[in-house]
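A quick write-up on the structure given underneath.
Numbers here are sequence positions counted from 1.
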Amino acid sequence: MTEPVLDIPFADAFQFDPSPTFEELRENRPVARVRTLAGAEVWLVTRYDDVKLVLADPRFSRAAVVKQGAPRVALAKPMPNSLTTTDPPEHTRLRKLVSSTFAHRRIERTRPWVADLSAKLADDVAAAGDGADLRELVALPLPIQVICQLLGVPYGDREQFREWTELGYSMRMAEKDRVEQAMTELTAYIDALVTRKLANTAAPAEDLLDELVRAREEGDRLSHDELISFGVNLLVAGHETSANQISSCVATLLRRPDNWAKLVADHSLVPSAIEELLRFNRFSEVGQLRVATEDIELHGVRIKAGEGVMAALNSANRDPREYENPDDLRLDRKDNKHLSFGFGPHFCLGAQLARIELQESLLALLRRFPQMSLAKPAEELKWRRVLVSGLAELPVNLG
């Protein structure tokens with residue numbers, strides 16, 4: 001009997017607990033046929049080891065997702081000429097050119113500044129009092145200010161590019177035309193910024209985009225189009241993804257007050273807690289897309305060359321084959337090899353920056369508001385229908 005093609009995101013998407021459909025697929029149909037929001041039928045893999053295989057095996061191409069007629073997951077078209085849409089050796093070339101700019105030690109130097117900014121935003125929460133919306137007062141302004149500072153994007157333009165980036169991740173079909181227009185306008189904005197920086201290479205580098213403009217490796221350099229792609233991807237991912245994860249992490253802890261109290265009592269648990277929250281929370285309702293470059297058999301299913309394969313990171317992060325009691329939130333979980341930042345050649349370039357933002361924003365709130373609680377039941381909180389899952393609101397009482 002032919003198995004049904006499931007629509008993804010699933011009907012019970014965009015809430016705290018993962019859809020039971022992921023567990024059912026992991027156990028009974030680890031390679032399943034699904035239909036994306038864009039109307040493409042692709043294969044969905046849900047087990048930890050299979051997700052790692054799809055993300056790392058060169059037979060599953062990322063570059064092929066930008067080719068004419070390729071399947072799509074969401075409304076926005078993926079951008080060519082970027083780290084996220086190339087395969088080795090071109091991906092290796094790009095990564096080498098920018099690796100020093102995003103080196104762990106270099107990014108770690110931002111921590112004191114991010115900690116200071118987090119403390120100032122906590123002051124804003126205190127001034128707002130009970131009912132303060134942490135999404136608006138912390139989760140959004142923190143990554144926006146950080147990415148503006150790092151990329152050299154004028155902070156005064158934040159409302160405009162906030163609208164563009166939020167639309168860029170939209171999973172609402174009714175917004176399709178607005179999504180395409182937003183990405184066109186965002187690309188033009190970054191193009192103008194890159195053009196200005198290219199015309200001023202004699203001046204000292206003041207930000208990451210300045211350094212990318214000057215980046216060279218054995219005579220090679222980033223092209224104008226590659227610089228634009230980097231700028232767009234960094235602005236969208238550096239703002240939208242981090243904002244959603246900050247909200248999700250805090251809300252998940254407050255949903256179980258004993259976990260908040262545990263971190264209040266022991267701040268040294270924060271790094272491991274963030275890794276566990278990244279594993280535990282729904283990072284996306286879909287997955288990372290690849291295209292098979294040759295026929296491949298997986299769990300008795302024949303995946304044909306040219307077919308799309310979606311790696312469900314959130315399902316892999318709950319796979320009992322990899323994690324003991326995966327549905328338990330263990331703030332001190334050891335050896336936590338979650339896949340929320342991806343795996344293989346396309347492991348997230350901004351992972352360390354995201355960790356710093358998550359850790360320092362949480363620490364600032366724990367120090368300032370040890371009695372913090374949700375201002376409304378978790379089940380009543382509204383979620384945004386976006387590619388990277390996130391709350392639309394996070395009202396809290398300060399205790």
Side-chain angles (χ1 to χ4, degrees), residues 16 110-150 153 155-156 158-159 161-163 165-166 169 235-257 259-261 263-264 267 269-271 273-275 277-278 280-283 331 350 352-376 378 380-384 386 388-399:
F16 277 103
T110 67
R111 186 181 291 275
W113 175 66
V114 175
D116 184 59
L117 176 58
S118 297
K120 291 176 180 175
L121 294 173
D123 289 342
D124 295 341
V125 174
D130 284 347
D133 186 348
L134 284 189
R135 173 175 166 78
E136 289 296 323
L137 295 174
V138 177
L140 275 170
L142 177 68
I144 288 177
Q145 290 188 53
V146 169
I147 206 63
C148 283
Q149 179 78 11
L150 291 180
V153 175
Y155 185 61
R158 65 189 179 280
E159 290 304 321
F161 69 69
R162 172 181 168 179
E163 180 183 355
T165 56
E166 290 185 355
Y169 273 9
L235 189 58
V236 174
H239 152 218
E240 179 74 1
T241 304
S242 293
N244 289 340
Q245 285 304 300
I246 290 171
S247 295
S248 294
C249 287
V250 174
T252 297
L253 289 169
L254 294 178
R255 192 181 177 205
R256 298 174 173 84
N259 284 321
W260 185 262
L263 293 183
V264 167
H267 291 176
L269 284 174
V270 165
I274 289 298
E275 298 308 308
L277 288 161
L278 285 167
F280 187 83
N281 286 334
R282 307 170 78 141
F283 192 77
L331 301 181
Q352 185 56 22
L353 179 59
R355 285 185 167 109
I356 290 171
E357 291 176 341
L358 288 164
Q359 291 169 9
E360 295 303 330
S361 60
L362 179 56
L363 278 166
L365 295 172
L366 290 166
R367 290 177 179 129
R368 192 69 184 275
F369 310 111
Q371 303 300 319
M372 182 183 285
S373 61
L374 293 175
K376 64 166 64 173
E380 295 180 13
L381 294 174
K382 297 176 182 177
W383 288 75
R384 300 172 57 245
V386 290
V388 178
S389 304
L391 288 162
E393 58 174 353
L394 183 50
V396 295
N397 291 326
L398 307 183

query: Partners of Asp130 by salt bridge (charged side-chain N to carboxylate O under 4.0 Å, His left out), sequence neighbours excluded?
result: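 By the salt bridge (charged side-chain N to carboxylate O under 4.0 Å, His left out) rule, Asp130 matches no residue at all.
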key: Residues in salt bridge (charged side-chain N to carboxylate O under 4.0 Å, His left out) contact with Arg256, at least two apart in sequence or another chain   =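 Salt bridge (charged side-chain N to carboxylate O under 4.0 Å, His left out) check on Arg256 returns nothing, list empty.
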Residue pairs meeting salt bridge (charged side-chain N to carboxylate O under 4.0 Å, His left out), one or both in residues 390-399, sequence neighbours left out, come to Lys376-Glu393
task = Can you sort out the partners of Thr241 under side-chain contact (heavy atoms from CB on, under 4.5 Å), two or more places apart, ordered by chain and number?
result =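 With neighbours one apart ignored, the set is Tyr169, Ala237, Phe283, Val388.
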Got a sec, which residues hit side-chain contact (heavy atoms from CB on, under 4.5 Å) with Ala115, two or more places apart in sequence or on another chain?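 Per chain and number, Ala115 pairs via side-chain contact (heavy atoms from CB on, under 4.5 Å) with Glu360.
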Please name the pair of heavy atoms, one in [X] and one in [Y], separated by the smallest distance, quoted to 0.1 Å.
X	Y	value
Ala132	Leu137	CB-CD1, 3.8 Å
Ala364	Ala119	CB-N, 4.0 Å
Pro143	Ile246	CD-CD1, 4.1 Å
Ala251	Leu391	CB-CD1, 3.5 Å

Test item: [X] and [Y] side chains (from C-beta on) under 4.5 Å apart, heavy atoms:
X	Y	result
Cys148	Phe161	yes
Leu374	Asn397	no
Val396	Leu398	yes
Leu121	Gln145	yes
Leu362	Ser118	no

Between Lys120 and Asp124, does a salt bridge (Lys or Arg N to Asp or Glu O under 4.0 Å) hold up when you go through it step by step?
CA-CA 7 Å; Lys120 291 176 180 175; Asp124 295 341; over 6 Å; no
query = For Arg162 and Glu240, what are the C-alpha separation, side-chain angles and deciding distance, and is it a salt bridge (Lys or Arg N to Asp or Glu O under 4.0 Å)?
reply = CA-CA 8 Å; Arg162 172 181 168 179; Glu240 179 74 1; over 6 Å; no
Main chain of [Y], side chain of [X]: is a donor-acceptor contact present, judged purely on distance under 3.5 Å?
X	Y	answer
Asp133	Arg135	yes
Arg368	Leu365	no
Thr252	Cys249	no

| message | I'd like to know if the side chain of Arg111 pairs up with that of Gln359 as donor and acceptor (distance under 3.5 Å, no hydrogens or angles considered). | response | yes
[atom1] of [X] to [atom2] of [Y]: how many Å apart, nearest 0.5 Å?
X	Y	atom1	atom2	value
Leu278	Gln245	CG	CD	6.0 Å
Glu357	Leu117	CD	CG	9.0 Å
Ile144	His239	CD1	NE2	4.0 Å
Leu254	Asn259	CG	CG	10.0 Å
Leu277	Ser248	CG	OG	9.5 Å
Ser247	Leu134	OG	CG	7.5 Å

field: Results of ring pair (Phe, Tyr, Trp, His ring centres under 6.0 Å) for Phe16 - residues two or more places apart only
entry: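 Applying ring pair (Phe, Tyr, Trp, His ring centres under 6.0 Å) to Phe16 gives Trp383.
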